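Presented below is the structure to which this report refers.
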Amino acid sequence: MYPLALLAGGQATRLRPITERIPKAMVEVAGEPFIAHQLRLVRREGVSRVVICTGHLAEQIQTYVGSGTAFGMDVAYSLDGPTLLGTGGALKKALPLLGERFIVMYGDSYLDTRFAPIVEAFEQSGLPALMTVFRNENRWDTSNVEFAGGAVLRYDKIDRRPSMHYIDYGLGVLSARVFEDWPAERPFDLAGVYRRLVDGHRLAGYEVKERFYEIGSHRGLLETDSYLLERKGATR
């Protein structure tokens with residue numbers, strides 16, 4: 001399985017006041033920091049190396065996770081530095097730790113799905129990147145993807161259209177070369193990378209059937225907490 005980049009560097013302004021003194025990754029969910037749930041999930045799916053892209057209050061994440069031994073994996077860190085680099089800039093800076101191909105997951109997402117078929121779809125596509133999508137129909141967030149015939153036809157988080165029934169699920173597979181034309185040490189978003197790939201017909205799509213959970217908002221935090229508590233109870 002490829003290494004995984006976990007994007008955990010944002011300031012989480014929508015979760016304030018909870019995140020005024022702790023990073024989003026350390027918010028308590030189902031009795032423990034959210035990042036613990038994420039790391040166990042990706043380890044379950046065969047990921048043994050994680051690079052955490054951090055920025056805001058990064059030292060708290062490093063102190064808690066450490067080298068990753070407690071989670072049965074190898075964890076490394078890529079820090080934004082004094083200026084937050086955005087999701088795309090953070091990934092570009094982390095490339096020396098990630099290698100030629102890697103999985104990327106947002107730091108506020110819990111994605112209870114199988115990773116192996118997604119990686120296989122990426123490899124079979126022959127394209128430099130793959131976005132997972134979920135048929136959202138504006139239920140849990142505003143849909144932002146037009147997807148048909150196994151292809152991402154349009155992706156835009158601002159110019160949203162009625163034909164967009166899907167949403168970026170939050171799990172992607174990328175080749176390092178998609179960042180070649182993007183600036184180093186300057187902020188940019190992964191969304192911009194995806195849009196450019198769509199325009200060049202270079203972004204594969206994979207539909208996931210399991211809904212996503214996220215802690216990017218107070219409502220999402222409550223839903224994710226309930227879901228993970230339910231799963232804990234079911235495994236006892």
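As the structure is a computational prediction, the values presented were derived from the model and not from experiment.
- E214 and S109 form no side-chain donor-acceptor contact under 3.5 Å, judged by distance and modelled atom types alone.
- Take R40 and apply the salt bridge (charged side-chain N to carboxylate O under 4.0 Å, His left out) test, not counting sequence neighbours, and it matches E32.
- Here the closest heavy-atom approach between residue V178 and residue A129 is recorded as CG1-CB, 4.4 Å.
- Between R211 and F134 the shortest side-chain heavy-atom distance falls below 4.5 Å.
- Separation of atoms CD1 (I61) and CG (L79) is listed at 9.0 Å; rounding is to 0.5 Å.
- Looking at every heavy atom in both residues, V51 comes nearest to A94 through CG1-CB, 4.2 Å.
- Put simply, the side chain of R101 never gets that close to the backbone of V173: no donor and acceptor are under 3.5 Å apart.
- Here the CE-OH distance, from M26 to Y64, works out to 6.5 Å after rounding to the nearest 0.5 Å.
- Side-chain atoms of Y106 and L171, non-hydrogen and from C-beta on, never get closer than 4.5 Å to each other.
- No side-chain donor-acceptor contact under 3.5 Å links Y194 and D189.
- Remark: E180 engages R177 in a side-chain contact (heavy atoms from CB on, under 4.5 Å) (not counting sequence neighbours).
- Applying the side-chain contact (heavy atoms from CB on, under 4.5 Å) criterion to E207, with sequence neighbours excluded, gives V133, R135, F147, Y166, K209.
- Minimum interatomic distance between D108 and Q38 (heavy atoms only, all atoms of both residues): N-NE2, 4.1 Å.
- Shown here are the ring-ring contact (aromatic ring centres under 6.0 Å, His included) partners of F188, two or more places apart in sequence or in another chain: W182.
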Inset, instruction - Show your working on side chain to side chain contact (heavy atoms under 4.5 Å, CB included) between D181 and R196 and close with a plain yes or no. - result: CA-CA 11 Å; D181 296 330; R196 188 179 293 181; 3.8 Å; yes
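- For the side chain to side chain donor-acceptor pair (under 3.5 Å) test, residues two or more places apart in sequence or in another chain that qualify with Y227 are D112.
- Taking V198 as the reference, V152, Y155, L203 meet the side-chain contact (heavy atoms from CB on, under 4.5 Å) condition, with sequence neighbours excluded.
- Taken from OH in Y110 to CG in L228, the straight-line distance is 5.5 Å, to the nearest 0.5 Å.
- Within the structure, salt bridge (charged side-chain N to carboxylate O under 4.0 Å, His left out) pairs that include any residue of residues 49-64 comprise R49-D74 (at least two apart or interchain).
- Within a 6.0 Å sphere centred on CZ of R44, heavy atoms belonging to other residues, nucleotides or ligands number more than 12.
- T69 meets the side chain to side chain donor-acceptor pair (under 3.5 Å) test with S67; sequence neighbours excluded.
- Scanning for side chain to side chain donor-acceptor pair (under 3.5 Å) contacts around Y206 gives an empty result, with sequence neighbours left out.
- For A90, the side-chain contact (heavy atoms from CB on, under 4.5 Å) partners at least two apart in sequence or on another chain are L7, C53, D80.
- Judged as a side chain to side chain donor-acceptor pair (under 3.5 Å), and not counting sequence neighbours, Q62 has no contacts.
- Residues D225 and L229 form a side-chain contact, since some pair of their non-hydrogen atoms from C-beta on lies under 4.5 Å apart.
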Under 3.5 Å, which donor-acceptor pairs do the side chains of residues 117-124 form with other protein atoms, sequence neighbours left out?
| from | atom 1 | to | atom 2 | distance (Å) |
| --- | --- | --- | --- | --- |
| E120 | OE2 | Q124 | NE2 | 3.2 |
| E123 | OE2 | Y2 | OH | 2.6 |

